[in-house]
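First up is the structure itself, then whatever we jot down about it.
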Amino acid sequence: MLLVKTIVDNPEFVIERLAIKNRDARESVEKIVALDKQKREIQTKLEDNKAEQNALAKKIGELFKQGKQQDAQDAKARSTELKNIIKEQEDQFQALDKELYETLVLLPNLPYELVAPGKSAADNVEIRRGGENPSFEGFEPLPHWELAKKYDIIDFATGVKITGAGFPLYKGKGAKLQRALINFFLDEAAKSGYMEVEPPVLVNEASGFGTGQLPDKEGQMYHCEVDNLYLVPTAEVPVTNIYRDEILDAKQLPIRHCAYTPCFRREAGSYGSDVKGLNRLHEFDKVELVQIVHPDKSYKALEIMVLHVEGLVKKLGLPYRIIRLCGGDMSFTSAMTYDFEVWCAAQQKWLEVSSVSNFESFQANRLKLRFREDGDKRTRLCHTLNGSGLALPRIVASILENNQKGDRIEIPEVLRKYTGFDFIGGEEEIVESEEK
RNA sequence: GGAGAGAUGGGUGAGUGGCUGAAACCAACAGUUUGCUAAACUGUCGUAGGGGUACAAUUCCCUACCGGGGGUUCGAAUCCCCCUCUCUCCGCCA
């Protein structure tokens, strides 16, 4: 949520910035400016009346004590009169405040100065790429869903049986690969200074609102209606909400957390060719990185977070590219976002595996997440950032497709100490030892 | 699922109609004293919003907030109603 002050002080700037997000905000902005003005006017009158009423109430008490019945009755009459005026003004004020708020929450965050204008993914800007696309000799590479079947490591059909489409069942080395990736990502995050947390995966409405999923993306979350709780679409929600309604000391910043959680997304309305295999799921695993930082340092933190995520795909040996999203492709809450995509050699497709964003104070304002500089009486809003580090399914898809050798799949070097095996398939099947 | 208790400032906790934005204590912060540490003493010590001054302020004035919402009253932390949440005991159970 933007600050009213930002809009009222610089309406044209806000309109101009939101145009980059492909959004004509003139009407909303002008409405907010007008409503804010009306609201203040009525608020001033209202508060003056309340002040008078408070003074009268005090006086009446005195008068009674002094036995001045008649004076007390007169004061009472005036107070009753005021009460009606106050009631009316209060209603007006509430109505204006509500309308202002409702208009305000529908405005997306302002894009940062580096964000290019644009309507869709086609206008995104590639920042850099790395890694090499694999080549295959003597065989045709299979898409990962074929490989999953061939080596019996992911069973989509049984997932359908248990739950439904988009809920795969990982088996054997497939399941172990999941666990290995989670541990690898968490360990790497710890090395970069992120403190691990394990949050609840069901969140209440206030948490959903705090990070901006509610009311904007209501339909994207699974909702347990009986208890009015939401399954998290990302660990960003519970982890960032740890600090909802907090006033931190400046010296506590930056706060860095990593968390593994399953993520649940309804993905309503996104059916098509891109949902095959692991490409788009309703439930998937992800390690998320969250930072709460001083506003002067958030863009530096964003760059460092990008480097951390880049390090992950590099270590996994996956061909990748980093993209800076254009205004139109960015989320409601983000001020700037970098997407990471990895190459899937059989599908011949780039798949998004991470989205790293700076939300500036947009989430913090909703969360009431503030900090105080030493010796300063004022509070200021923190900046929040988060990024996937990383989402598993598409990483698995990329590993399977890129590392296939015809008769087996090679596990990236860095993962082997976590998996306990070097290959999926092939002759050298490791037989699990029972003796240990 | 059944029964009961409770929700007050960073924490403990007082407060049953006006003198309470809120005692006291603890913590924290600043200072004084003492070779250092400790102790003692003094002071500060909630948040948000509006207004004024110079379109400035962390100053001044005002308003709101004692879980949330509504009501009674000239006046509500305090009385009434509704909701939410937390805790304890029992049952069930990873």
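Chain A is the first sequence line, chain B the second, and so forth, proteins listed ahead of strands; every chain is numbered from 1. Here the structure is a predicted model, which means the values were calculated and not measured. What's counted below: heavy atoms across the whole structure, side chains too, no hydrogens, waters or symmetry copies.
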### Message
Work out how far the P atom of C61(B) is from that of G75(B), and round it to whole angstrom.
### Response
26 Å

#### Entry: Distance, C1' atom - from G11(B) to C82(B), rounded to whole angstrom
31 Å

### Task
May I ask you to evaluate whether Ser79(A) reaches the phosphate of G75(B), defined as a side-chain N or O under 4.0 Å from OP1 or OP2?
no

### Query
Rounded to the nearest 0.5 Å, how far apart are CG of Leu415(A) and CD of Glu410(A)?
11.5 Å

### Task
Under 4.0 Å between any heavy atoms, over every strand shown, what does Leu46(A) touch: base, sugar-phosphate, or nothing? Just pick one.
nothing

### Task
Check whether any side-chain N or O of Asn54(A) sits under 4.0 Å from OP1 or OP2 of G75(B), and answer yes or no.
no

### Summary
Checking G49(B), A48(B), C74(B) against the side chain of Thr379(A) (C-beta onward), the nearest is A48(B)

### Message
On the nucleotide G49(B), are OP1 or OP2 found under 4.0 Å from the side-chain N or O atoms that Arg40(A) carries?
### Response
no

### Message
So, OP1 or OP2 of G75(B): does either fall under 4.0 Å of a side-chain N or O from Lys83(A)?
### Response
yes

### Task
Taking Asp227(A) for its side chain and Leu229(A) for its backbone only, find out whether a donor-acceptor pair lies under 3.5 Å.
no

### Task
Measure the distance from CD on Gln89(A) to C1' on C62(B) and round it to the nearest whole Å.
15 Å

### Message
With a cut-off of less than 4.0 Å, is there a side-chain N or O of Arg78(A) near OP1 or OP2 of C74(B)?
### Response
no

#### Entry: Base paired to U84(B) (Watson-Crick or G-U; both N/O distances under 3.5 angstrom)
A7(B)

### Atom-to-atom span, NZ of Lys58(A) to C1' of U20(B) - whole angstrom
10 Å

### Task
Apply the test ring-ring contact (aromatic ring centres under 6.0 Å, His included) to residues His257(A) and Tyr194(A): give CA-CA distance (whole Å), side-chain angles for both, the deciding distance (0.1 Å), then the verdict.
CA-CA 5 Å; His257(A) 286 309; Tyr194(A) 292 86; 8.9 Å; no

### Query
Across all strands, who's sitting opposite G46(B) as a Watson-Crick or G-U wobble pair, both distances under 3.5 Å?
C65(B)

### Task
Hunt down the Watson-Crick or G-U wobble partner of G17(B), both distances under 3.5 Å, from any strand shown, or write none.
none

### Query
If the P atom of A27(B) is compared with that of A22(B), how far apart are they to the nearest Å?
23 Å

### Message
Can you tell me which nucleotide in C74(B), G46(B), G50(B) comes closest to the side chain of Arg372(A)?
### Response
G46(B)

### Task
Mark yes or no for whether Asp155(A), through its side chain, and Leu169(A), through its backbone, hold a donor-acceptor pair below 3.5 Å.
no

### Message
Would you measure the distance from the C1' atom in A7(B) across to the matching atom in G91(B) and give it in whole Å?
### Response
26 Å

### Summary
Under a 3.5 Å limit on both distances, the Watson-Crick or wobble mate of A54(B) is none

### Message
Using whole Å, what does the distance between atom P of nucleotide C65(B) and atom CZ of Phe93(A) come to?
### Response
12 Å

### Task
Both distances under 3.5 Å, Watson-Crick or G-U wobble: report the partner of G1(B), or none.
C90(B)

### Message
Between His144(A) and Tyr151(A) (judged by ring centroids, cut-off 6.0 Å), do the two rings come close enough to count as a pair?
### Response
no

#### Entry: Nearest-angstrom distance, P atom, U73(B) to G4(B)
32 Å

### Query
Does U73(B) have a Watson-Crick or wobble partner in any strand here, with both distances under 3.5 angstrom, and which is it?
none

### Query
If pairing requires Watson-Crick or G-U wobble contacts with both distances under 3.5 Å, which nucleotide is the partner of A40(B)?
U32(B)

### Gap between atoms CG and C1', on Leu82(A) and C74(B) respectively (whole Å)
10 Å

### Query
Should Arg370(A) be listed as having a side-chain N or O under 4.0 Å from OP1 or OP2 of U47(B)?
no

### Query
How far does the P atom of G17(B) sit from the matching atom of U78(B), given to the nearest Å?
12 Å

### Task
May I ask you to check whether Glu113(A) and Tyr299(A) show a side-chain donor-acceptor distance below 3.5 Å?
no

#### Entry: Distance, P atom - from G71(B) to G15(B), rounded to whole angstrom
29 Å

### Query
Considering Watson-Crick and G-U wobble pairs with both distances under 3.5 Å, what does A23(B) pair with?
none

### Task
Write down the distance separating the C1' atoms in G13(B) and A23(B), rounded off to the nearest Å.
10 Å

### Task
Have a look at Glu341(A) and tell me which of Leu351(A), Val313(A), Ile323(A), Leu318(A) forms a side chain to side chain contact (heavy atoms under 4.5 Å, CB included) with it.
Ile323(A)

### Query
OP1, OP2 of U63(B) versus side-chain N and O of Asn49(A): anything below 4.0 Å?
no

### Task
Determine whether any donor atom in the side chain of Gln53(A) lies under 3.5 Å from an acceptor atom in the base of G75(B), or the reverse, and answer yes or no.
no

## Note on the structure
Rounded to whole Å, CG of Leu248(A) lies from C1' of G46(B) at a distance of 16 Å

### Task
Scan Leu56(A) against the nucleic acid and name what it touches under 4.0 Å (heavy atoms): base, sugar-phosphate only, or nothing.
nothing

### Message
Starting the side chain at C-beta, find the nucleotide from A48(B), C74(B), U63(B) nearest to Lys50(A).
### Response
U63(B)

### Message
Side chains of Cys382(A) and His294(A), heavy atoms from C-beta outward: is any pair under 4.5 Å?
### Response
no

### Task
Assign each of Ala57(A) and Lys76(A) to its nearest nucleotide of RNA chain B by heavy atoms, then name whichever residue's nucleotide is nearer the 5' end.
Ala57(A)

### Task
Starting from the 5' end of RNA chain B, give me the residue, Glu47(A) or Ala75(A), whose nearest nucleotide shows up first.
Glu47(A)

### Task
Give a yes/no answer on whether the side chain of Lys377(A) brings an N or O atom under 4.0 Å of OP1 or OP2 in U47(B).
no

